[in-house]
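The structure appears below as structure tokens.
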Amino acid sequence: MSDTAETTGTEAPTENKAWELRVAAARGETTPISIRGWFRIARRASALLFLLIAFVPMHYLYRVFAYGSPFPMLFLRYAARISGAKVEVKGTHLKRDVFYVANHVSWLDILSMAGACGTAFVAKAELASAPLVGWLASLNRTVFVKREHRMGVAEQINALKEALADNWAVTVFPEGTTTDGQSLLPFKTSMLSVLEPPPPGVMVQPVLLDYGSVAEWIGWIGDEDGLNNAKRVLARKGTFPLKVEFLEPFSPSDFRGRKAIGQESRRRIEEALCEALGKPLRKFAHDVAPIRYEKGDATQGVGVKLTVPTDTEV
């Protein structure tokens, strides 16, 4: 397989053809999988099944005697690697009483972050129905929320308060959707309402998830369904880098309300992402209704090199 194919994750004859398939996936079309790709899917699925058989009984047995089983974290760590993500952790993460705020590219974000630090999550409800991944995420105490549903947001805030009171580390993805790794959407700060006022001793730690050159091919964006994205990722040859960078934490008490906390988190993530990419961010090329974001003028259907939008808060 050529270097281009290693990056794009397809066995298309040219990069242009690979890009056509990528854009078609974002439109909701099914991506064709080669015989070798299906073989990789089967191999990875078998490895995940083996992990399940080994770790799930140990998890439930552990829970009989103690709280806070380490097996979900270990399972998700190995599941990320089996799925192709070669995770590199940068920086020092706080272990408890911490509210992580991260950018969002893929369902692999949950596997990699949970595997790195054992955090619980707030994630969009659609992920709950994703094959296998949804169940695995719930095993790790993920709170699934319909972001467009106000009652769902209220339930989410209550669940977060309970999690923080129980000294969990909790992660939110305030962009409201997954992107292409080249953009950063405005933050939907309603998810940060749990920090008004901040619980005693709780810190906020921004996190950058950086997929490097494969981000645009991995990203779950547009009208692509979860099953097609999972097949595309699991059909890839070899591994790809995923850097989980824990940035400097800060006290939410130093900022006046959720919007200021969100703005500071986004500023730090944007700065780190621009540094990682070595170029300015660009506008995301898809509408995102929950944050009233309107797409940029995409020349190729996935993204364009434009300035990111202002920090409009919702």
How close do G262 and T189 get, counting heavy atoms only, and between which atoms? CA-CG2, 4.3 Å
Report the relative orientation of the aromatic rings in H104 and F173; use parallel for angles under 30°, tilted for 30 to 60°, perpendicular for over 60°. parallel
Considering all heavy atoms, the nearest P198-P252 contact: CB-CG, 3.6 Å
Below 4.5 Å, heavy atoms only, C-beta onward: do L192 and F99 meet side chain to side chain? yes
Could you go through the side-chain contact (heavy atoms from CB on, under 4.5 Å) check for R40 and R236 one step at a time? CA-CA 7 Å; R40 295 180 198 116; R236 296 178 60 90; 6.0 Å; no
Determine, for E224 against R27, whether the closest basic-nitrogen to carboxylate-oxygen distance falls under 4.0 angstrom. no
State the CE-CE distance between M73 and M113, to the nearest 0.5 angstrom. 13.0 Å
Apply side-chain contact (heavy atoms from CB on, under 4.5 Å) to the pair L184 and R266, showing each step before the final yes or no. CA-CA 8 Å; L184 191 63; R266 188 183 184 281; 3.7 Å; yes
Hydrophobic cluster membership, with links at side-chain heavy-atom distances under 4.5 Å among I/L/V/M/F/W/Y: are Y62 and M58 in one? yes
Counting only N and O atoms by type, is there a donor-acceptor contact under 3.5 Å from the side chain of T179 to the main-chain atoms of V105? no
Could you check whether any side-chain heavy atom of S213 comes within less than 4.5 Å of a side-chain heavy atom of F240, counting everything from C-beta outward? no
Heavy-atom check, side chain of L195 versus side chain of I261, under 4.5 Å: yes
Linking I/L/V/M/F/W/Y whenever their side-chain heavy atoms sit closer than 4.5 Å, directly or via other members, would F50 and F55 fall into one cluster? no
What is the minimum heavy-atom distance between P206 and R268, and which atoms define it? CG-CD, 4.0 Å
If every non-hydrogen atom of R232 is compared with every non-hydrogen atom of G219, which pair is closest and at what distance? NH2-O, 3.5 Å
Does L281 reach the side chain of Q182, with side-chain heavy atoms less than 4.5 Å apart? no
Salt bridge present between R267 and E264 (N-O < 4.0 angstrom): yes
For F246 and H93, run ring pair (Phe, Tyr, Trp, His ring centres under 6.0 Å): C-alpha distance rounded to whole Å, both residues' side-chain angles, the deciding distance at 0.1 Å, then the answer. CA-CA 6 Å; F246 293 92; H93 66 84; 5.1 Å; yes
For residues L247 and Y100, determine if any side-chain heavy atom of one lies less than 4.5 Å from a side-chain heavy atom of the other. no
Quick one: are V202 and V98 in side-chain contact, heavy atoms under 4.5 Å? no
According to a 4.5 Å side-chain heavy-atom criterion applied to Ile, Leu, Val, Met, Phe, Trp and Tyr, with indirect links allowed, do L48 and Y60 form part of one hydrophobic cluster? yes
With side-chain contact (heavy atoms from CB on, under 4.5 Å) as the test, would you mind laying out the steps for W220 and V233 before giving the verdict? CA-CA 10 Å; W220 180 9; V233 171; over 6 Å; no
Sequence neighbours excluded and cut-off under 3.5 Å, please list the side-chain donor-acceptor pairs for residues 75-82, or say none.
unit_1, atom_1, unit_2, atom_2, d
R77, NE, G115, O, 2.7
R77, NH2, G115, O, 2.9

Could you give me the CA-CA distance, side-chain angles and deciding distance for Y211 and D109, then say whether side-chain hydrogen bond (donor to acceptor under 3.5 Å, both in side chains) is met? CA-CA 10 Å; Y211 287 76; D109 300 348; 2.5 Å; yes
Heavy atoms, side chains only, cut-off 4.5 Å: are V207 and V244 in contact? yes
Can you give me the closest heavy-atom contact between C274 and P280, atom names plus distance? SG-CA, 4.4 Å
Donor-acceptor pair, distance only, cut-off 3.5 Å: does the side chain of Q205 make one with the backbone of L94? yes
Members sharing F65's hydrophobic cluster, built from side-chain contacts under 4.5 Å between Ile, Leu, Val, Met, Phe, Trp and Tyr, are L61, V64
same_hphob_cluster(W38, L21) at 4.5 Å side-chain heavy-atom cutoff: no
Value for CG (N103) from CG (L209), rounded to nearest 0.5 Å, stands at 5.0 Å
Check G181 against A215 and note the closest heavy-atom contact, atom names and distance. CA-CB, 3.9 Å
Would you compute the distance between atom OG1 of T31 and atom CG of N228 and round it to the nearest 0.5 angstrom? 4.0 Å
Show your working on side-chain contact (heavy atoms from CB on, under 4.5 Å) between E216 and I221 and close with a plain yes or no. CA-CA 9 Å; E216 199 157 24; I221 61 176; 6.0 Å; no
For W19, does its backbone N or O pair with a side-chain atom of N16 as donor and acceptor, under 3.5 Å? no
Nearest-0.5 Å distance that lies between atom NZ in K279 and atom CG in L273: 10.0 Å
With a sphere of 6.0 Å drawn around CD of E275, does it hold more than 12 non-hydrogen atoms of other residues, nucleotides or ligands? no
Salt bridge between K90 and D210, side-chain N to carboxylate O under 4.0 Å? no
Rounded to the nearest 0.5 Å, what's the gap from CD on E175 to CG on L185? Could you check? 4.5 Å
Heavy-atom check, side chain of R258 versus side chain of F187, under 4.5 Å: no
To the nearest 0.5 Å, tell me how far I218 CD1 sits from R22 CZ. 9.0 Å
